[in-house]
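Hydrogens, waters and symmetry mates are skipped; everything else that's a heavy atom, side chains included, is used.
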2 protein chains.
Amino acid sequence: MATANKARVARRPLRKGPPAVQREAAETRAAILQAAMREFAEEGIAGARMEAIADAAGVNKALLHYYFDDKERLYGEALDHVFATLSRRVLQVLERDLPPREKIMAYAGAHFDFIAASPIYPRLVQREMMRAGRHGSPHMRRIGERYLRPVFARVVALLRQGMASGQFRQVDAENFVVSLIAMNVFYFSSAPMMAIVSRRNPLTAQRIADRKAAVMDVVAATLFPSGAAAAKDAGPARRASK
Amino acid sequence: MATANKARVARRPLRKGPPAVQREAAETRAAILQAAMREFAEEGIAGARMEAIADAAGVNKALLHYYFDDKERLYGEALDHVFATLSRRVLQVLERDLPPREKIMAYAGAHFDFIAASPIYPRLVQREMMRAGRHGSPHMRRIGERYLRPVFARVVALLRQGMASGQFRQVDAENFVVSLIAMNVFYFSSAPMMAIVSRRNPLTAQRIADRKAAVMDVVAATLFPSGAAAAKDAGPARRASK
DNA sequence: GCCATTTAACTAACCAGTTAGTTAGTTTAA
DNA sequence: TTAAACTAACTAACTGGTTAGTTAAATGGC
């Protein structure tokens, strides 16, 4: 990547659309961000190496500072990218006009699918959630308030609405949301360990689909009174591996 | 600590009980391990600083290498200590002669209480579960097979037994265990973030008790057919703060 | 019971490798 | 000719680990 000096031959300054250099600059920037997300997800901020990110993006180390100032800011942008995408995705579902039952299941499914879509998301999410060490995290407040709180508040409201209308059992709404997020994130973030404990690969398409069904069953069983706890809606379940 | 050259006056080589020096050596070793657990839990293995551990334990940095060779081994011992304690604690419960319903609730409660007992446990657990980066983890296999698998297998067996006897609903046993662990660990490991999102301290005695009740309710609602999903058994809920 | 010797516990100072970040300069499109 | 995009080489600070030594108990010979 970014060794791309081909395709620069087609020199046509047709209006609209940014000039080639600018577009390529944006591409390099994106390549760096992508490499950074992977590195931070795998190693954590302390374990991540700027040079490893540069190598993975196919650029010189100094370019990272050219585009992102320093490590902490690069990490911050990686975080923003992931959480903004997550937030956008699930808010979209939460704004749909659906009855509470369908909506909470759709939310749970969308959240699951987002997390399942890439192995780096859950790790990045989990890592930031835990970061309150010696130096604290300069990003936690921003992430929490800008991206997570709106989602959290909406889901809690949805649960309250469902309970008020008698469609849901009486539960502790805040804690239920946390449980839901926990079930989705933890499965993937702890997949390496679970592979050892259960002696099988938890990330095959089949196992991911099973996991989704299991989570949906817990949600349904906890939320919906008496019977009717079957988990219809298998939905998409990407990322096959073995 | 370990500047302790008082109490060395009482020089009595009475048989039984190791000599004073040896006992004190064991104490400093333990102090180092304790400090290491805290540091690793807060910073991760890459972020942890050997000197910070030494300072917290009140000893010279070289002593860490004297007792534990290198960073990786020190981390390994910290891990062993936590997972061994956890495993012992919950296996004790799982070996009690109880009907499936009571036993699964007792297990869930014991696991919760262990995690809740110290802020460093869930972080250490979660951190190791995620560690599969560039260097992998030399400990994951050992931890998984020695400490986690026995517990996992027993809980799965317990669930199967409960389902076979018709006392439990039909669920995906493996996935249910993962969900249970997820709900307990995630709440505490992501407490710093949840404090921001929910705008309140999740670690007061009251909130911890609420959390426990909420988890128990999910377990009961998912596992026990129809009604009877009330979460009796509040049990201990330590660590008040704020 | 005394003293020389050994040994375990512990430390100050140091070293070598690593790493985030900088600088001075080159290339290339506009 | 200008400026943005990009790089090779460098630096200052940090950090895991070592070393050479100190202190004070334990040990053994007499």
- Task: May I ask you to check whether A:Phe112 and A:Phe188 place their ring centers less than 6.0 Å from one another?
- Result: yes
- Message: For B:Glu72, is there an ion pair with B:Arg131 - N to carboxylate O distance below 4.0 angstrom?
- Response: yes
- Would you give the length of the straight line joining atom OG of B:Ser190 to atom CG of A:Leu148, rounded to the nearest 0.5 angstrom? 9.5 Å
- Item | Nearest-angstrom distance from the residue atom CG of A:Asp69 to P of C:dG21 | 9 Å
- What integer distance in Å separates B:Leu64:CG from C:dC10:P? 12 Å
- Note on the structure: In short, ring-ring contact (aromatic ring centres under 6.0 Å, His included) pairs touching residues 31-71 of chain A with sequence neighbours left out are A:Phe40-A:Tyr75
- Item | Atom-pair distance (CZ on B:Phe68; P on C:dA9), nearest Å | 13 Å
- Query: Quick one: is B:Thr28 getting a side-chain N or O under 4.0 Å of the C:dC10 phosphate, OP1 or OP2?
  - Reply: yes
- Query: Are the charged groups of B:Arg207 and A:Glu174 less than 4.0 angstrom apart, N to O?
  - Reply: no
- Phosphate oxygens OP1/OP2 of C:dC10: is one of them under 4.0 Å from a side-chain N or O of B:Tyr67? yes
- Euclidean distance, atom CD1 of residue A:Ile53 to atom P of C:dG21 [Å, nearest integer]: 11 Å
- Message: Checking contacts here: which listed nucleotide (C:dA9, C:dA12, C:dT22) is nearest the side-chain heavy atoms of B:Ala25?
- Response: C:dA9
- Message: As an exercise, state the distance from CZ of B:Phe186 to CG of A:Leu180, rounded to the nearest 0.5 Å.
- Response: 10.0 Å
- Message: Rounding to an integer number of Å, can you tell me how far A:Leu63 CG sits from C:dT22 C1'?
- Response: 14 Å
- Query: Hey, is B:Asp55 close enough to B:Arg49 for a salt bridge, meaning N to O under 4.0 Å?
  - Reply: no
Detail all sub-3.5 Å separations between protein N/O atoms and N/O atoms belonging to nucleotides 17-20 of chain C.
unit_1	atom_1	unit_2	atom_2	d
C:dT19	OP1	A:Arg49	NE	2.6
C:dA20	OP1	A:Ala48	O	3.2
C:dA20	OP1	A:Arg49	NH1	3.2
C:dA20	OP1	A:Lys71	NZ	3.3
C:dA20	OP2	A:Met50	N	3.2
C:dA20	N7	A:Lys61	NZ	3.3

- Message: Any side-chain N or O of B:Asn60 below 4.0 angstrom from OP1/OP2 of C:dA12?
- Response: yes
- Message: Check this one for me: any side-chain N or O of B:Tyr66 less than 4.0 Å away from OP1 or OP2 of C:dC10?
- Response: no
- Rounded to whole Å, CG of A:Asp55 lies from P of D:dT7 at a distance of 11 Å
